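Bear in mind that the values here come from a model prediction, so they are computed numbers and not experimental data. Chain letters run A, B, ... following the sequence lines, proteins first and then strands; every chain starts at 1. What you see below is based on every heavy atom in this structure, not just the backbone, and it leaves out hydrogens, waters and symmetry mates.
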There are 2 protein chains.
Amino acid sequence: MFSKACEYGIKATIYIAVKSMRQERVSLKEIAEEVDSPVAFTAKILQSLAKNGIIDSHKGPTGGFQIEESKIDTIKLHDIVHAIDGDKIFSGCGLGLEQCDARQPCPVHDKFVGIRDNLKIMLQNTSLYELATGLEIGLTHLKR
Amino acid sequence: MFSKACEYGIKATIYIAVKSMRQERVSLKEIAEEVDSPVAFTAKILQSLAKNGIIDSHKGPTGGFQIEESKIDTIKLHDIVHAIDGDKIFSGCGLGLEQCDARQPCPVHDKFVGIRDNLKIMLQNTSLYELATGLEIGLTHLKR
DNA sequence: ATTATTTAGGATAAATTTGTCCGAAATAAG
DNA sequence: CTTATTTCGGACAAATTTATCCTAAATAAT
Ligand code: FES
Ligand code: FES
């Protein structure tokens with residue numbers, strides 16, 4: 001469904017959000033540990049999220065990653081997925097035709113579009129805030 | 001969403017079904033042309049579908065692939081996807097935890113399970129027959 | 001029997017995704 | 001200013017997926 005990079009990116013962003021709600025910055029190393037992801041690979045993903053304006057990065061001692069608190073509520077899961085995996089998952093053809101086109105649909109088009117749109121709506125309606133809150137109160141987990 | 005192998009496999013199966021409804025066998029070469037897929041790669045996928053009992057294969061002149069006509073109605077999209085991509089897509093965790101477990105859910109579990117189940121239900125309810133019919137009457141297309 | 005045709009299957013290669021390594025750049029603190 | 005720390009970014013490597021090649025096995029037709 002999502003790429004490995006996207007899975008790590010989502011988990012990392014949620015963890016950063018939890019810390020940011022406590023006005024804490026968090027280092028790459030700590031993120032990778034909490035998210036159970038390879039450090040250097042996670043660095044690339046965070047870099048890309050920073051370029052997409054989803055998280056902020058700071059170099060040097062006391063450096064690390066954080067998310068502007070006012071943004072935590074407005075950032076949606078959709079934004080994270082889109083930043084890392086692009087929009088193929090939201091608009092691509094289920095059978096891999098160059099583009100999904102209702103005027104020349106593939107055999108699964110009618111059935112597939114509904115699922116795809118549900119996914120998109122779900123991701124657009126899910127805020128980073130609720131994901132971070134669920135984690136903070138111990139309702140959900142990033143690793144096992 | 002689906003692997004490339006699965007996309008090819010679905011398209012190939014639909015094409016074979018259309019031909020089988022006319023009591024025609026179809027060769028690998030013709031399938032690959034109609035589905036716009038690499039010949040040798042398609043061969044592997046068809047081999048796997050044959051092993052999974054979804055299609056029948058016959059060697060030699062006049063050989064090729066076909067589907068038992070009585071099966072066309074009972075084979076579901078789910079069977080094809082499951083044969084090629086396994087069941088990770090149906091039961092795997094959206095954030096890549098080793099297994100999805102509602103008692104120790106990842107942050108997206110509640111939101112994700114609904115989408116995943118919808119997909120599963122859709123695939124279980126979509127018969128090869130309806131997909132093949134849509135293609136035969138020119139309503140849908142395998143390439144563009 | 002021989003031949004031509006078609007799928008089976010193993011080995012290999014290319015492409016993509018995932019993951020690592022290391023020096024450069026920024027920056028906080030002594 | 002120097003040093004230690006942390007992210008940045010490019011090059012490289014490993015793993016997986018996608019794709020190719022070639023020989024063997026089956027089989028239909030002559
Ligand atoms: S054309 Fe294939 S999903 Fe729309
Ligand atoms: S635990 Fe992640 S989707 Fe169920």
## Note on the structure
Among the nucleotides C:dC21, C:dT5, D:dT7, whichever has the atom closest to the side chain of A:S27 is D:dT7

### Query
Does the A:R144 side chain pair with the main chain of B:E98, one donor and one acceptor, at a distance under 3.5 Å?
no

### Query
Is there a side-chain polar atom (N or O) of A:T62 under 4.0 Å from OP1 or OP2 of C:dT27?
no

### Task
State, yes or no, whether a side-chain contact exists between A:L46 and A:I16 at a heavy-atom distance under 4.5 Å.
yes

### Message
From C-beta outward on A:P38, which listed nucleotide comes closest to its side chain: D:dT20, D:dA25, C:dT20?
### Response
C:dT20

#### Entry: A:K59 side-chain proximity, nearest of D:dT18, C:dA26, D:dT20
C:dA26

### Message
By nearest atom, which of the nucleotides C:dA26, D:dT20, C:dA4 is closest to the B:P61 side chain?
### Response
C:dA4

### Task
Can you figure out which of D:dT6, C:dT18, C:dT7 approaches the side chain of B:S57 most closely?
C:dT7

### Task
Please state how far atom CG in A:D85 lies from atom P in C:dT18, giving the value in whole angstrom units.
8 Å

### Query
For A:D56 and C:dA26, what is the distance between atoms CG and C1' respectively, to the nearest whole Å?
16 Å

### Query
Is any side-chain N or O of A:K51 under 3.5 Å from a base N or O of D:dG9, one able to act as donor and the other as acceptor?
no

### Message
Here's a test of your reading of the structure: between A:G64 and B:V39, which maps to the more 5' nucleotide of DNA chain D?
### Response
A:G64

## Note on the structure
Separation of D:dT6 atom C1' from A:I55 atom CD1, nearest Å, is 14 Å

### Message
Please report the distance, rounded to the nearest Å, between CG in A:L49 and C1' in D:dT7.
### Response
14 Å

### Query
Which nucleotide in the set C:dC21, C:dT7, D:dT20 lies at the smallest distance from any side-chain heavy atom of B:F65?
C:dT7

### Task
Using a cut-off of strictly less than 4.0 Å, decide whether A:Y8 has a side-chain nitrogen or oxygen near OP1 or OP2 of C:dT18.
no

### Message
Nearest whole Å is fine: how far is D:dC8 C1' from A:I31 CD1?
### Response
15 Å

### Task
Could you say whether A:H58 or A:F2 is positioned toward the 5' end of DNA chain C, judged by the nucleotide with the nearest heavy atom to each?
A:F2

### Task
Please report, rounded to the nearest Å, how far the P atom of D:dT16 is from the CZ atom of B:F41.
16 Å

### Message
Would you say the rings of B:H58 and B:F65 are close, in the sense that their centroids are separated by under 6.0 Å?
### Response
no

### Task
Report yes if a side-chain nitrogen or oxygen of A:Q47 is closer than 4.0 Å to either non-bridging phosphate oxygen (OP1 or OP2) of D:dT7; otherwise report no.
no

### Task
Check whether the side chains of A:Q23 and A:Q66 place a donor and an acceptor atom closer than 3.5 Å, and report yes or no.
no

### Query
Which part of the nucleic acid, if any, lies within reach of A:K29 when heavy atoms closer than 4.0 Å are counted: base, sugar-phosphate only, or nothing?
nothing

### Query
Between C:dT20 atom P and A:K4 atom NZ, what is the distance in whole Å?
13 Å

### Query
According to the interplanar angle, ranging from 0 to 90°, do the rings of A:F2 and B:F112 count as parallel (below 30°), tilted (30 to 60°) or perpendicular (above 60°)?
tilted

### Task
Take atom NZ of B:K44 and atom P of C:dG10, then tell me their distance rounded to the nearest Å.
8 Å

### Under 3.5 Å: donor-acceptor pair, side chain of B:K11, backbone of A:L95
yes

